[in-house]
Amino acid sequence: MKLIVKEYLASLKERNELDAILPDLLCQMGLTVFARPRRGTREFGVDIAAVGAIGTGDRSVYLLSVKSGNLTRSTWNGQSEQSLRPSLEQILDVYIPTHLPAEHSDLPVVICPCFGGDVQTNVRLDFTNFCKRSSTGKVRFEEWHGDRLADLVCEYLLDDSLLPDWGSSHLRKALALVDEPDAAFKHFRNLILDLSGQTFARPQDRLTTIRQISVSLWTFYVWSREANNLDAAYRAVELSVLHGWDVCKDHVGPKGRGEKLFLAFVQMLVAYSEVTTAYAVKVVPHMHKLHALSAEVRTASYPSVNRRMFDVLGRIAIVGIAKLQGADAVEDEKAKQFAQQQGQITAACLERMVDANPCLCSPICDDQAIDIFLAAYLQYLCPGQHAFLKNWLRTMWNKCRFAHEGHGRYPTTYRDFRKQEAHPVEKTDDYRRDATKASILYPTLAFWAAVLGDDGLYGAIQEAKQELFAHSTFQYWFPDELSEQFLYSNRDTHGIAFCDVPIHKPPDEYLHDLWTECDQPNGYNDLSAVKHNLALLVLIACRHYRCPVPLNFIKQQLPIPDTDQEPTSEESE
Amino acid sequence: MAICELIEKMDGKADDLQFDLSMIAPAGPIELVFLARKTVGYLYWQPKPAASLICSLLKATQDQTAIAHIAKLTFDALLTNASSEVLDLLCAQVATLPEAGKAALQHAMDTHEAYAADLRSTELLEVRASLAEQEYHTNRMAEAMGKAYRQAMEQSIVSVLCRQQVILYGRSSAQMVRVGDEEQRSAMTLQSHGHSFTMPRMPSIDEVGVDYMRLVFRNETIRE
């Protein structure tokens, strides 16, 4: 296991990765951290500062200067200000004489050059000599290289060992198969299910599990990044935050252990942002190229291409939504604007993706309504995108209807790839009725048509419900009292299907009935994620577990249509 | 439909087809665009005859709008679907076109080159189909091909005239053949026979869209 941890540490970047886990490590070692990494402010060579005693040693001040990877000639004393030697000189010349807190000024100082890898042979002598020469009675140096850090992580960060034996076995299998995302994710999923499914005898066990999930996730992500394939890492980070929340949701609080637990979970959200952004950064540059993403699926199977394109659509949509939701939470005006721009750019990229990959106008599976909803929600949040959204929904409806009437590749309730590949097995009405006996897709399209005021599209779906889909149960899904228990872990079914959605009514009444269902007690508003202002988790759960997105997200953005008002005299007549 | 079947039966000998525009009078810009769309609608799966017919339309007009529309069809209907086959034919034909047609067709071919470069430059493991899906699709296709092969063998005259032997090993076969009263050894080196075809790209990229486009092109009429 130590080898895996060492490999993992060596692959971490300095910013937000290696320097993010070190404060936790120091706390766990019993030290008190009094300076954490900050961006934009001058640190005089010190990234992290802590005070305390390690093991049986004397109480000392520990000053960490963090660099990523191996210590090479250029990272030791290169052109960059970020090289290690200038940082150590700044610590000696400026930080220790002027910035050391007064209450610690009498304590011995240990300067710890920290790097995830090893010291290369050609700088070993320079480095050792510098440390010897600069050591005094009060100041000494301790080299925290990859080996040492791996020892400390294994020894302190997670109590006795990084993972239980069964956990290590799952993680090793996941890492070994990282080139084959489905198989790797299967093993990673087993690890997360086993970790989060444990009985937590002591309160601190939950914190340990959150940290175990976190470290496993980072390790898996780093290996996936090395393998140049973030597909499984994206799914892994979704699963991790969902199970992480499931483990800690009832125990987080503003103080003490509850706060520690919440902070550990926040680190997981940082990982979520890192992984999903890295995924988007890889995919977005290809989104505008005609057919490029579709062709890159590299198969002659249309269902494979179609499934993958809708999958990517949903993933990128959530990244955009997260940016916009993040912007709402930020107080700094510049940061808010930047996050909003990022969200709007993502929405525009999705538009280009739809234009360049025309299969995104022809869903083949009813549950692709989830990805469509997410993409539509992102477009809806960006007013400049409404014209595109209307056009896309109309085109999609036309293609679906065309395929349905011509017994082509119309959307079905089949989720199994083999059934989708063989579809349509027969060009008969009986088969078609069986393949379309229920739908959330068409009610979703009707919903968006109603929200956007597209009466033409709404009317077309309304008419088709009577003519073509009379046999089909048009429905939508809402959370119920069991959703809080199972939404994040998906260990059992939950929620309520709102059947026979009232599409026969005019659009405003249709919306009114759906909004009413949104407000049922013990539903969406009672989900712990919503109460803690983490509604993004609900979207992640819906995408990951293929569950329709609660309409409350849109309801919050809209003035509720007032259908209870007195009808006008004209309407009465 | 009869034209499609006829061209299919000519098995590659109908690649150099031209419209006899004297049969269609008057063939103005609108009629030419209409003919080009009909060509794509009916001959989408026979891209070389379709491209050849469309080139003949480019020779018949100087109208810039019509030329641009027709040339555009060569890119986003024919070249995107069967690049290599169509490109060879267009390269051969472009020199025979009048200036306006030549420029438009060259533009379509340049657009295709940029398109192909974009496809080549996209390397994204994240979107690749899973191994399970690829294996399932390959097996399904192999089964379908095997079935078609067996059906073809049953209907083949060769299977009536000849006895079938299956060779498991080696690259030639030998056996004793009776000639008069004597048995002689007869050896025969095996020859390989093959047939290659280009898999159209668009059915895997936008199956419903292709069907939709073909239906529209086939059924549309010229508005008065």
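Each of A/L374, A/L350, A/L293 was checked for a side-chain contact (heavy atoms from CB on, under 4.5 Å) with A/L313, and the lone residue meeting it is A/L350.
Salt-bridge formation is not detected for the pair A/D231/A/K282: no Lys NZ or Arg NE/NH1/NH2 atom is positioned less than 4.0 Å from an Asp or Glu carboxylate oxygen.
Taking the six-membered ring wherever Trp is involved, the centroid distance between the rings of A/H291 and B/Y115 falls below 6.0 Å.
In this structure, B/Y212 and A/F402 have perpendicular ring planes: the angle between them is above 60°, well past the 30° mark. Using a 30° and 60° split on the angle between ring planes, A/H404 and A/F469 fall in the tilted class, from 30° to 60°.
The greatest number of non-hydrogen atom pairs below 4.5 Å with chain A, out of B/Q134, B/H137, B/E123, is found for B/H137.
With a 6.0 Å cutoff to the six-membered ring centre and a 45° limit on the axis angle, A/R409 does not count as a cation-pi contact of A/Y302.
Contact residues of residues 354-372 of chain A toward chain B are A/P358, A/C359, A/S362 (heavy-atom distance under 4.5 Å).
Looking at A/R418, the atoms closer than 4.5 Å to chain B (heavy atoms on both sides) sit in the backbone and in the side chain alike. Using a 4.5 Å cut-off between heavy atoms, B/R140 touches chain A through its side chain atoms alone. Contacts of B/T138 with chain A are absent, with no heavy-atom separation under 4.5 Å from either backbone or side chain. Heavy atoms closer than 4.5 Å to chain B are found in both the backbone and the side chain of A/A422.
With sequence neighbours excluded, the residues that form a salt bridge (charged side-chain N to carboxylate O under 4.0 Å, His left out) with B/D211 are B/R214.
Environment of CG in B/L215: crowded, with over 12 heavy atoms of neighbouring residues, nucleotides or ligands closer than 6.0 Å.
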